[in-house]
Amino acid sequence: MKNLFLIVILFIGGNLFALTLQESIEKTLANHPDIQTFLLKYKQSQKKVSATRSAYLPEVNLQARYDATRTYVFPQNGAFHTKDDSGWDAGAVVTQKIWDFGKTLELIDASKKDANIAKLSLKEAKALMVYRIKVLYGMMVVQKEAVKVMQKDLEAKEAYYKQALALVKQGLKTEADASRFLSSVYGAKERLGGAKAAYKKAQTTLSLYMGEQIEDDANLQSSFLYKEPAFDAIEQKVLQNNYQLKITKENVAKNTLLHKVAKSSHYGSLDATASYTHFDTLNTYDATNAGVVLRIPLYSGGKLTAEEQQAHIAAQMAKQQEASKRLEIQDELESLLVDIEHYNQSIAAKKAQFSAAKATKAVLDARYKEGLGTYIEILDAQATMLAAKLGLLESYYNRALAIAKIEYLEGKIE
C-alpha cells in the first residue's frame, strides 16, 4: 500500500510542471497585450457602427443667446429708427433626416465592413500569435532534446578520456590519445552550454508571452515535434479560411461602398426641421417653425468630384491588393509544401545515417579497446553520430514549423 502511494506521489510530482502546447496558447491569447489591443479595436469599431447609424435618428439641440448690447431696427412714422438695448433668446431645434439618396445607409454598411475587418484582424492576430507560440514551444522541445543528446555525447567523451588514460598506463596508447579526448570533452561542454542557453532564451520569451514563469524542469509535449503532415485539399481550405484574404475582400466591399457614398454626396439631402424659440428683446414673443429643408450642392470648387474619383481609385486599388494577396499566399503555401517534402526526405536520410553511425561506432569501440583502432576513428564516428542525431532533430523542427505555418495560413487558432 505504501509503495502504491509512493508511485502516485511520484506520478503527480512528475506531471506537476507539465506544460502542454495548448496551455501555452490559451494563456498567451488571454494575457498578451497585442491580442488585447486588437480586441479593443474591435469594440471600438462596433461603437463606430452605432455612431454612424445614429445619423437616421432625430437630433435635438438646445440653444441660448444673450446680447449685452445690440442694435435693433424698427419702423416709425415711415422711417427706420434704431435703438441699442440688451436682449436674449432661448429655444430648441429638432432635425430629422428624411432622405439623402442612400448616403447614410451606405456609410452604415461601410462602418459594418470596418467592424468585420476589425473582427477578422483580431482572429488574424490570434492565428499569428499561435504560430509564434508554436515556434517558441518547438524551440524549447528541440533544444531540450538536444541537451539530452549533447549530455550523452559529453558523458561518452568523458568515458573515452578515462579509458584512454587507463590504456596509456598500460602502454597501449600514447599521451596524444588522452589529450585529444580531453580536448573533445571541452568541445562537448561548450556545445552543451550553447544548447542550454538556446533553451533558456525560448523559455524566457514564452514565459513573457504567457504572463507566468515556466519551470526549468517543465515536462514538454514532444509529440508536437514529430507530428506527421496531413493536408487534404489544403489550397482550397487556405484560400477559403485565410484571414488576410478575408480582410482584403472586406476591404474591397468597404471601398466600393465608400465610392457610392462619394457619388451620393452630389445629390444632397432632404431633412425635416422644427424649432421653438422664446425672444426677450425690445418685445417679448415666441417663435415656432416646422418644415422641410432640401440641400443640393451646386458648386463646391470640384471637391465632391475629386473625392468621388479618389474613392473610385481606392476601390480599384483594394481589388488589386486582394489579387496580390491571393498570389502571395498561394506562392507561400506551395513553397511550404515543397519544404515539407524536402524535410520528410531529410528525416529518412538522417535516420539511416544515425543507424549506420551507431553501428560503426560499436565496431570501432571494440577495436579501440583491443588497441586496434585510433582515437581519430573513434572521434569521427562519435561526431558523425552526433551530427546525424542533431540534424534529425533540426529536420523535425523545421518540418513542424512548416506545418505550423500552413495551419496559420489556414486560419487555425489552436
Side-chain angles (χ1 to χ4, degrees), residues 19-39 41-42 117-145 198-199 201-212 214 218 220-248 325-344 347 393-414:
L19 178 65
T20 65
L21 176 60
Q22 188 60 34
E23 183 183 358
S24 302
I25 291 171
E26 290 173 356
K27 290 183 177 180
T28 300
L29 294 182
N31 296 302
H32 201 282
D34 285 354
I35 302 301
Q36 300 305 314
T37 300
F38 277 98
L39 180 60
K41 287 182 178 179
Y42 172 55
I117 289 172
K119 185 176 182 179
L120 290 169
S121 296
L122 173 61
K123 292 182 177 180
E124 161 67 15
K126 287 183 176 181
L128 181 58
M129 188 61 68
V130 167
Y131 171 68
R132 290 177 179 173
I133 295 305
K134 288 179 179 179
V135 171
L136 290 171
Y137 192 92
M139 178 60 72
M140 288 182 64
V141 171
V142 75
Q143 292 301 333
K144 194 167 189 176
E145 292 292 323
Y199 174 83
K201 287 180 181 178
Q203 177 192 18
T204 301
T205 305
L206 185 55
S207 295
L208 291 172
Y209 274 40
M210 291 172 55
E212 67 175 54
I214 299 174
L220 301 178
Q221 188 180 355
S222 59
S223 58
F224 162 74
L225 200 64
Y226 306 106
K227 179 181 178 181
E228 293 290 335
F231 299 118
D232 182 29
I234 188 61
E235 183 173 353
Q236 181 182 357
K237 290 179 180 179
V238 167
L239 295 179
Q240 286 179 348
N241 301 320
N242 183 268
Y243 292 122
Q244 293 185 42
L245 269 181
K246 288 182 178 180
I247 289 171
T248 57
K325 179 58 68 175
R326 177 180 289 268
L327 289 175
E328 178 186 334
I329 289 174
Q330 285 178 311
D331 179 58
E332 186 172 10
L333 176 61
E334 292 299 328
S335 178
L336 287 168
L337 291 174
V338 171
D339 286 342
I340 288 175
E341 182 62 29
H342 166 68
Y343 295 139
N344 284 337
I347 287 169
L393 284 173
E394 183 181 6
S395 295
Y396 273 123
Y397 176 64
N398 289 332
R399 188 183 70 174
L401 293 193
I403 294 172
K405 190 63 177 289
I406 290 177
E407 291 173 345
Y408 156 66
L409 293 177
E410 195 181 349
K412 289 187 175 181
I413 306 176
E414 59 183 23

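Keep in mind that what you see is a predicted model, and the values were worked out from it rather than measured.
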| N/O donor-acceptor pair under 3.5 Å between T248 side chain and L245 backbone | yes
| Straight-line distance of E23 CD to E212 CD, nearest 0.5 Å | 6.5 Å
| request: Drop me the distance from L208's CG to N31's CG, to the nearest 0.5 angstrom. | output: 11.5 Å
| How far does CD1 of I329 sit from CG of L336, to the nearest 0.5 angstrom? | 11.5 Å
| message | Minimum heavy-atom separation for K41 and A118, please, with both atom names. | response | O-CB, 4.1 Å
| said: Tell me whether K119 at atom NZ has more than 12 heavy atoms from other residues, nucleotides or ligands lying less than 6.0 Å away. | reply: no
| query | Taking side chain as C-beta onward, heavy atoms only, is V141 less than 4.5 Å from L21? | reply | no
| query | Does some side-chain heavy atom of Y408 sit less than 4.5 Å from a side-chain heavy atom of V130? | reply | no
| task | Kindly indicate whether the side chain of Y397, heavy atoms from C-beta on, has any atom under 4.5 Å from the side chain of V135. | result | yes
| Do I406 and I403 touch side chain to side chain, with heavy atoms closer than 4.5 Å? | no
| query | Distance from L136 atom CG to M210 atom CE, nearest 0.5 Å? | reply | 11.0 Å
| field | Ion pair K405/E332, N-O distance below 4.0 Å | value | yes
| task | Please report the closest heavy-atom contact between Y243 and E124, naming both atoms and the distance. | result | CB-OE1, 3.6 Å
| query | Is there a side-chain contact between F231 and L333, using heavy atoms and a 4.5 Å cut-off? | reply | no
| field | Distance, nearest 0.5 Å, that separates CG of L409 from CD of Q330 | value | 11.5 Å
| request: Could you go through the side-chain hydrogen bond (donor to acceptor under 3.5 Å, both in side chains) check for E145 and Y199 one step at a time? | output: CA-CA 10 Å; E145 292 292 323; Y199 174 83; over 6 Å; no
| Between I214 and M140, does a side-chain contact (heavy atoms from CB on, under 4.5 Å) hold up when you go through it step by step? | CA-CA 11 Å; I214 299 174; M140 288 182 64; 4.3 Å; yes
| Within the side chain of S207, is there an N or O that forms a donor-acceptor pair under 3.5 Å with the backbone of Q203? | yes
| message | Distance check, rounded to the nearest 0.5 Å: K126 atom NZ versus M129 atom CE? | response | 11.5 Å
| task | Verify, without hydrogens or angle tests, whether Y137 (side chain) and L19 (backbone) share a donor-acceptor contact under 3.5 angstrom. | result | yes
| field | Stepwise side-chain contact (heavy atoms from CB on, under 4.5 Å) check, E394 with V142 | value | CA-CA 8 Å; E394 183 181 6; V142 75; over 6 Å; no
| A404 and K134: which non-hydrogen atoms are nearest, and at how many Å? | CB-CD, 3.6 Å
| query | Is E334 close to E235 at the side-chain level, that is, under 4.5 Å between some pair of heavy atoms? | reply | yes
| field | Nearest heavy-atom neighbours spanning S121 and F38 | value | O-CD2, 3.8 Å
| task | Tell me, please, whether F224 has K227 positioned over its six-membered ring: NZ or CZ under 6.0 Å from the ring centre and within 45 degrees of its axis? | result | no
| query | Any side-chain heavy atom of I35 sitting closer than 4.5 Å to one from L122? | reply | yes
| query | Run the side-chain contact (heavy atoms from CB on, under 4.5 Å) check on L29 and I413 step by step: do they pass? | reply | CA-CA 10 Å; L29 294 182; I413 306 176; 3.9 Å; yes
| task | Taking the side chain as every heavy atom from C-beta outward, state whether P229 and N344 have any atom pair closer than 4.5 Å. | result | yes
| said: Checking K237 against E407 for the salt bridge (Lys or Arg N to Asp or Glu O under 4.0 Å) test, could you report, in this order, the C-alpha distance in whole Å, the side-chain angles of both residues, the deciding distance, and whether it holds? | reply: CA-CA 10 Å; K237 290 179 180 179; E407 291 173 345; over 6 Å; no
| Minimum heavy-atom distance I234-E410, with the two atoms named | CD1-OE1, 3.5 Å
